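This is a predicted model, so every value here is computed, not measured. Just so it is clear: chains get the letters A, B, ... in the order the sequence lines come, proteins before strands, and each one is counted from 1.
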2 protein chains.
Amino acid sequence: MNEREHTRLRDEWSIQEIARLVGTTSRTLRHYDAIGLLAPSRIGSNGYRWYDGPALVRLQRILVLRELGLPLPAIQRALRDEQDAAAALREHLTLLRREQRRLERQAASVERTIAALDSGGRLMAENMFDGFDHTQYKEEVEQRWGADAYASGDAWWRGMTEADREGWTALVAQLGADWSAAAQAGTDPASAQAQALAQRHADWLAGIPGTPGHGTGRPAKEYLLGLGDMYVADPRFAASYGGERGATLVRDALRVWAQAHL
Amino acid sequence: MNEREHTRLRDEWSIQEIARLVGTTSRTLRHYDAIGLLAPSRIGSNGYRWYDGPALVRLQRILVLRELGLPLPAIQRALRDEQDAAAALREHLTLLRREQRRLERQAASVERTIAALDSGGRLMAENMFDGFDHTQYKEEVEQRWGADAYASGDAWWRGMTEADREGWTALVAQLGADWSAAAQAGTDPASAQAQALAQRHADWLAGIPGTPGHGTGRPAKEYLLGLGDMYVADPRFAASYGGERGATLVRDALRVWAQAHL
DNA sequence: GCTTGACCTTGACGTAACGTCAACTCCTAC
DNA sequence: GTAGGAGTTGACGTTACGTCAAGGTCAAGC
């Protein structure tokens with residue numbers, strides 16, 4: 001088969017030829033046949049698949065929609081009538097935008113984590129369950145509440161005895177476990193149970209020297225609300241509070257609590 | 001089992017308990033065990049899995065990295081030493097950014113296609129292989145080259161006889177097929193073969209009344225270069241030129257040709 | 001007439017990270 | 001003794017094909 005014959009125009013093509021023509025593979029065409037998306041126009045007595053002009057056109061439409069990211073079932077439906085095509089694309093577009101925003105948040109989160117690691121953090125080496133890691137959040141605390149806040153909190157922690165720390169750690173772990181259980185049970189953020197946890201959480205925070213509000217018996221309102229948002233946005237916190245559901249519950253319960261008590 | 005016992009701090013948890021604690025499912029934990037990512041600290045004589053503190057910490061690290069979008073094998077490697085974690089995250093970040101840009105292009109493409117459909121286009125109803133669809137590109141042509149260009153090209157096409165159109169269509173289809181074959185063969189854009197195709201392509205374009213350069217025997221340089229970029233960016237074109245590889249070859253060959261001849 | 005080689009076929013496994021039965025065992029409480 | 005709520009190990013389904021594997025078909029060259 002020479003070049004001339006290879007590219008001469010005919011009214012029927014083999015599976016390889018048509019695959020090359022549109023830049024895909026024969027495996028893909030067999031797949032489309034198998035799922036009923038594109039059947040060959042003719043099947044030889046030897047089982048070979050042959051495609052004609054209309055089949056080629058349909059294939060091209062399929063590939064256009066595929067390039068745009070539509071799943072094959074959606075392409076199937078869209079090709080049944082052109083009305084559906086626009087609707088499917090519109091729906092797909094909102095999905096694309098949503099996914100874009102998700103990636104944006106994820107990338108930002110990765111960047112923060114890299115920065116934390118670079119500045120000496122240890123990827124939850126000492127976290128809520130085995131000792132609250134102060135260095136972990138150094139940057140964020142300093143940025144929001146000043147270097148003094150961080151330094152005094154850090155000094156306080158380092159000044160504790162081993163027994164003190166273990167007791168503190170157990171408290172924190174218990175709090176995290178209770179939040180997790182409450183989230184799992186679908187507790188309402190405004191419920192008495194959640195508000196009791198919020199109270200414990202606030203007490204705990206107020207007990208840490210250096211946090212805004214320490215000494216007044218209750219944390220500063222802005223600090224508490226900001227902390228709640230951080231819990232939800234940062235997977236390092238979510239891991240200690242029963243995942244995203246848990247972190248969301250903590251934030252919402254703290255909001256309600258802050259409105260009532262601060 | 002009452003609430004107190006449920007949330008009391010212990011040194012060992014069942015699979016359900018630990019799943020709830022971190023906000024995931026027991027199935028996930030069994031999966032992690034199966035792939036060697038996280039083994040239970042102990043397995044009872046009855047086959048039950050039990051997890052202790054260190055296992056919980058490891059699980060939390062896993063979930064943090066998973067939230068950040070890392071695949072499980074990468075998490076596996078990252079947890080072996082903290083050095084790798086930062087490197088893995090950095091690599092992952094570039095992937096995220098790349099994917100973000102891809103989605104951006106895809107979304108833009110979807111928007112253009114929706115606009116084309118809304119303004120009466122028919123999703124490649126008459127394309128390169130069954131008749132160049134002028135209405136398809138109305139918007140783009142008008143935007144770049146003015147409404148006159150579009151109108152005169154359209155009138156010319158509508159004024160053709162059936163036989164004229166068939167002849168023209170065959171020419172265009174042959175050109176597309178030859179481009180596809182060349183792309184498949186890995187032809188160099190600067191090669192004699194590709195340049196011969198580019199010449200045919202330019203001749204063809206120049207033969208369409210209304211295109212910039214029609215009447216001069218060769219298309220306008222800017223028009224030709226812009227068209228090449230459009231070929232690559234728009235899947236509707238790619239479908240007729242052997243996919244992305246084909247469209248890229250056309251663009252690059254036209255660039256070389258334009259430098260030499262325009 | 002036979003080999004060679006390109007092309008075709010169907011069948012089946014692999015991919016990522018689990019969700020979702022199914023069938024069965026274990027343990028505690030009433 | 002039994003009901004129910006754990007736990008266990010399979011095994012299939014998900015997306016859109018890639019990638020063998022084993023074997024049939026066809027035109028060309030000796």
Side-chain angles (χ1 to χ4, degrees), chain A residues 1-3 5-6 12-51 59 62-77 92 95 99 181 184-185 243-244, chain B residues 1-3 5-6 10 12-51 59 62-63 65-77 92 95 99 106 181 184-185 243:
Chain A
M1 213 191 268
N2 63 28
E3 171 93 1
E5 286 184 16
H6 201 179
E12 206 170 39
W13 299 270
S14 78
I15 193 168
Q16 282 278 11
E17 290 171 331
I18 206 159
R20 274 201 285 264
L21 219 49
V22 299
T24 184
T25 70
S26 59
R27 177 67 181 89
T28 296
L29 294 172
R30 275 194 287 274
H31 182 59
Y32 290 171
D33 188 11
I35 65 175
L37 180 57
L38 175 68
S41 51
R42 187 173 73 83
I43 296 189
S45 58
N46 53 11
Y48 284 25
R49 291 172 176 81
W50 297 96
Y51 297 83
L59 174 57
I62 290 170
L63 294 180
V64 166
L65 294 176
R66 191 190 65 170
E67 278 298 302
L68 296 178
L70 263 80
L72 299 189
I75 294 178
Q76 184 105 274
R77 285 189 298 275
H92 182 55
L95 283 180
E99 180 68 4
Q184 191 64 31
E244 199 188 328
Chain B
M1 214 188 268
N2 62 31
E3 172 91 2
E5 287 185 14
H6 200 177
R10 283 160 314 174
E12 203 171 40
W13 300 270
S14 77
I15 193 168
Q16 284 278 11
E17 291 170 332
I18 206 158
R20 274 200 287 263
L21 219 49
V22 300
T24 183
T25 70
S26 60
R27 177 66 181 89
T28 295
L29 294 172
R30 274 194 287 274
H31 182 57
Y32 291 170
D33 187 12
I35 65 174
L37 179 56
L38 175 68
S41 51
R42 186 173 72 81
I43 294 189
S45 58
N46 52 11
Y48 283 26
R49 292 173 176 79
W50 297 96
Y51 297 82
L59 174 56
I62 289 170
L63 294 180
L65 293 176
R66 192 190 64 168
E67 277 298 302
L68 297 179
L70 261 81
L72 299 188
I75 294 178
Q76 183 106 273
R77 286 190 298 274
H92 182 56
L95 281 180
E99 181 69 3
Q106 199 168 71
Q184 191 63 30

Rounded interatomic separation in angstrom, taking CZ from A:Arg42 and P from C:dT9 = 12 Å

query = Starting at CD1 of A:Ile43 and ending at C1' of C:dT9, how long is that distance when rounded to a whole Å?
reply = 11 Å

ask   = Are B:Arg49 and B:Leu29 close enough that some pair of their side-chain heavy atoms sits under 4.5 Å apart?
value = no

query = Would you say D:dT8 has OP1 or OP2 under 4.0 Å from some side-chain N or O of B:Asn46?
reply = no

query = Taking OH from A:Tyr48 and P from C:dT10, how many angstroms apart are they, rounded to a whole number?
reply = 11 Å

Any donor-acceptor N/O pair, A:His92 side chain to A:Leu68 backbone, under 3.5 Å = yes

message = Once rounded to the nearest 0.5 Å, what's the spacing between atom CD1 of B:Ile62 and atom CD of B:Glu67?
response = 13.0 Å

key: Between C1' of C:dC18 and CD1 of B:Ile62, the distance in whole Å   = 14 Å

query = Which parts of nucleotides 11-22 of chain D does protein reach within less than 4.0 Å, heavy atoms only, written one letter per nucleotide 5' to 3' as B for base, S for sugar-phosphate only and - for none?
reply = B----BBBB---

request  = To the nearest 0.5 Å, tell me how far A:Leu38 CG sits from A:Ile18 CD1.
outcome  = 7.5 Å

message = As a test of reading the structure: which of C:dT9, C:dC26, D:dT9 is closest to the side chain of B:Arg30, going by heavy atoms?
response = D:dT9

message = Expressed as a whole number of angstroms, how long is the span from B:Ile35:CD1 to D:dT9:C1'?
response = 17 Å

Integer-rounded Å distance: D:dG24 C1' and A:Ile15 CD1 = 16 Å

query = Is the distance from OP1 or OP2 of D:dG7 to the nearest side-chain N or O of B:Ser26 less than 4.0 Å?
reply = no

ask   = If you measure from OG on B:Ser26 to CZ on B:Arg20, what distance do you get to the nearest 0.5 Å?
value = 9.5 Å

D:dA6 OP1/OP2 closer than 4.0 Å to side-chain N/O of B:Arg49 = no

task = Rounded to the nearest angstrom, tell me the gap between atom CH2 in A:Trp13 and atom P in C:dC7.
result = 18 Å

query = Would you find a donor on one side and an acceptor on the other, under 3.5 Å apart, between the side chain of B:Ser41 and the backbone of B:Trp50?
reply = yes

message = Restricting to non-hydrogen atoms, name the atom on A:Thr24 and the atom on A:Arg66 that form the minimum distance, rounded to 0.1 Å.
response = OG1-NH1, 4.4 Å

request  = Could you tell me the separation between the CD atom of A:Glu17 and the C1' atom of C:dA6, rounded to a whole number of Å?
outcome  = 12 Å

